[in-house]
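Every chain is numbered from 1, with letters handed out A, B, ... down the list of sequences. Computed from a prediction, not measured in an experiment: that's the story for all the values here.
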There are 2 protein chains.
Amino acid sequence: MAADGGEPGTVRPGGRTARVRAAVLRAAEDALIEKGFAGLDLADVARRAEAGKTTVYRRWGTVAGLVADLLQDMAERSVPRTETGSLRGDLAANARLVRETLADPRQGALFKALIAAAAGEERTAAALHRFYGTRIAEWAPVVERAVERGEVPAGTDAAEVIRAVSAPLYYRFLVGGGPLDEELATRAAEAAAVAARAGVYAPADTP
Amino acid sequence: MAADGGEPGTVRPGGRTARVRAAVLRAAEDALIEKGFAGLDLADVARRAEAGKTTVYRRWGTVAGLVADLLQDMAERSVPRTETGSLRGDLAANARLVRETLADPRQGALFKALIAAAAGEERTAAALHRFYGTRIAEWAPVVERAVERGEVPAGTDAAEVIRAVSAPLYYRFLVGGGPLDEELATRAAEAAAVAARAGVYAPADTP
DNA sequence: TCTTTAACGGGACTGTGGTTCCGTTAGCTG
DNA sequence: CAGCTAACGGAACCACAGTCCCGTTAAAGA
């Protein structure tokens with residue numbers, strides 16, 4: 001009788017509940033990849049996950065809720081980061097990683113669907129921002145190292161430099177169109193490195 | 001009996017047909033702004049446009065088709081471009097324009113919806129790419145002038161420089177989250193200018 | 001101005017995504 | 001390991017987006 005406080009799945013999160021959650025998130029991923037965000041219906045997700053339609057609606061309610069949960073799950077899976085000796089090399093490695101992710105048919109389709117979902121729902125957008133926050137934070141240290149080495153000015157906004165590498169790739173991916181080729185990736189890394197060295201991402205730029 | 005070849009609206013495009021098209025596109029814009037791409041239904045658009053539901057379904061068929069038509073219509077409305085004396089100034093002006101567009105509640109919501117729509121439909125994506133192709137082409141001359149003035153190396157990819165200005169703004173708008181403030185805009189313009197001057201957007205970079 | 005027929009639009013119809021009801025299964029606690 | 005009940009899941013139900021039918025309106029061309 002004590003108020004359990006909230007959502008289903010919070011009181012008995014183990015065993016079956018966890019299994020169903022994993023199956024549904026996996027199914028949602030597949031469905032998003034195949035049909036895209038617009039073509040997603042929760043009944044189809046339930047079928048793929050071999051779960052009851054009711055269960056999916058009760059636990060996640062809407063497509064937005066399901067996608068938000070999927071994003072949180074994805075954020076927890078960390079991707080290893082390489083480290084070369086120079087800022088340029090590190091940024092190039094990051095650009096290559098991002099390019100490969102977006103160019104991959106499955107991953108690319110998934111990210112497109114996730115971003116489309118976030119464009120329409122504030123809650124999903126927040127989850128997406130958190131996801132990218134963690135991803136960016138994982139790479140920020142390469143810029144901080146560069147600051148320590150004296151390659152770029154002190155006070156440089158590390159996260160912003162990493163974002164500057166991704167930006168042209170996402171721009172072409174979502175907005176401009178055209179192939180996500182390696183040239184674009186190396187160019188993005190170089191542009192970010194050059195700008196960072198010039199102090200564009202440091203606060204007081206005036207000499 | 002002669003085969004008219006195609007879509008409704010092509011044989012008698014004047015008068016009523018044109019009026020209905022304009023009203024429907026306007027209504028679609030409003031609906032996209034208010035409800036977003038996911039929440040769009042053609043019956044609602046028809047109601048807003050005071051047109052028959054049948055008409056909308058017959059002429060545009062799907063949400064994707066309607067959005068594609070809207071994008072073509074938008075591409076035809078040209079936006080004036082200012083011109084300062086320096087590349088940095090011109091890019092800053094462009095960045096300011098893009099920032100204001102995306103930060104504006106109505107325009108921003110519209111673009112978000114359009115991009116979300118394009119993420120899920122190849123045909124809509126093609127229309128979106130055409131739209132941005134014209135927008136970018138309108139600004140490319142400022143880079144070409146800079147080449148003539150010797151500010152940036154010959155062979156610099158003008159369109160790519162313009163895209164480099166927009167990229168960080170769109171990245172934050174769609175992916176990363178956070179305020180679309182003026183600092184971001186000026187930073188984007190400066191980074192692009194610095195990189196362009198360094199020859200990042202010119203083919204053979206080796207000295 | 002008159003004729004032809006393209007295009008519009010009201011209203012009935014249908015398929016399916018989403019909701020509700022209620023019986024069944026299996027986590028958690030003692 | 002037994003009882004309590006959270007959480008699952010099948011099936012009937014419902015609302016509404018999208019389709020179809022057919023009469024009405026008004027472009028285009030003579």
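- Taking a cutoff of 4.0 Å between a charged side-chain nitrogen and a carboxylate oxygen, B:E182 and B:R96 do not qualify as a salt bridge.
- In this structure, A:T55 and B:G61 both approach DNA chain D, and ranking their closest nucleotides by distance from the 5' end singles out A:T55.
- The side chain of B:K53 sits closest to D:dG18 out of C:dG9, D:dG18, C:dA26.
- Dashed line: the shortest gap from a side-chain N or O of A:Y57 to OP1 or OP2 of C:dG18 is under 4.0 Å.
- Comparing C:dG18, D:dA17, C:dG27 by their closest approach to the side chain of B:D41 singles out D:dA17.
- Between A:R59 and D:dC8 there is a side-chain N or O to OP1 or OP2 distance below 4.0 Å.
- Ring-plane geometry between A:Y171 and B:Y132 is classed as perpendicular, the angle between the planes exceeding 60 degrees on a 0 to 90 degree scale with a lower cut at 30.
- Closest approach to the B:A51 side chain among C:dG9, C:dC8, C:dA26 is made by C:dG9 (side chain taken as heavy atoms from C-beta onward).
- Distance from the side chain of B:T17 is smallest for C:dA7 among the nucleotides C:dA7, C:dG18, D:dT19.
- By the neighbour-count criterion of 12 heavy atoms within 6.0 Å, atom CD of B:E83 is densely surrounded, having more than that number from other residues, nucleotides or ligands.
- Between the side chain of B:D90 and the main chain of B:T84, a donor-acceptor pair closer than 3.5 Å is present.
- Residues A:N94 and A:I162 have side chains in contact (heavy-atom distance under 4.5 Å, counting atoms from C-beta outward).
- At most 12 heavy atoms of other shown residues, nucleotides or ligands fall within 6.0 angstrom of atom CZ in A:R26.
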- request: Determine which bases of DNA chain D form Watson-Crick or G-U wobble pairs with both distances under 3.5 Å, and write the result as a 5' to 3' dot-bracket string with | for other-strand partners.
  value: ||||||||||||||||||||||||||||||

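- Closest contact between the side chain of B:V11 and the listed nucleotides D:dA17, D:dA27, C:dA6 involves C:dA6.
- Set against D:dC8, C:dG27, C:dT19, the side chain of A:R19 has C:dG27 as its closest nucleotide.
- Under 3.5 Å, the side chain of B:T54 and the base of D:dC20 form at least one donor-acceptor pair of N or O atoms.
- An OP1 or OP2 oxygen of C:dT19 is reached within less than 4.0 angstrom by no side-chain nitrogen or oxygen of A:R58.
- Atom CD of A:E76 has more than 12 neighbouring heavy atoms from other residues, nucleotides or ligands inside a 6.0 Å radius.
- Nearest-nucleotide positions on DNA chain D place A:E50 closer to the 5' end than the other of A:E50 and B:A43.
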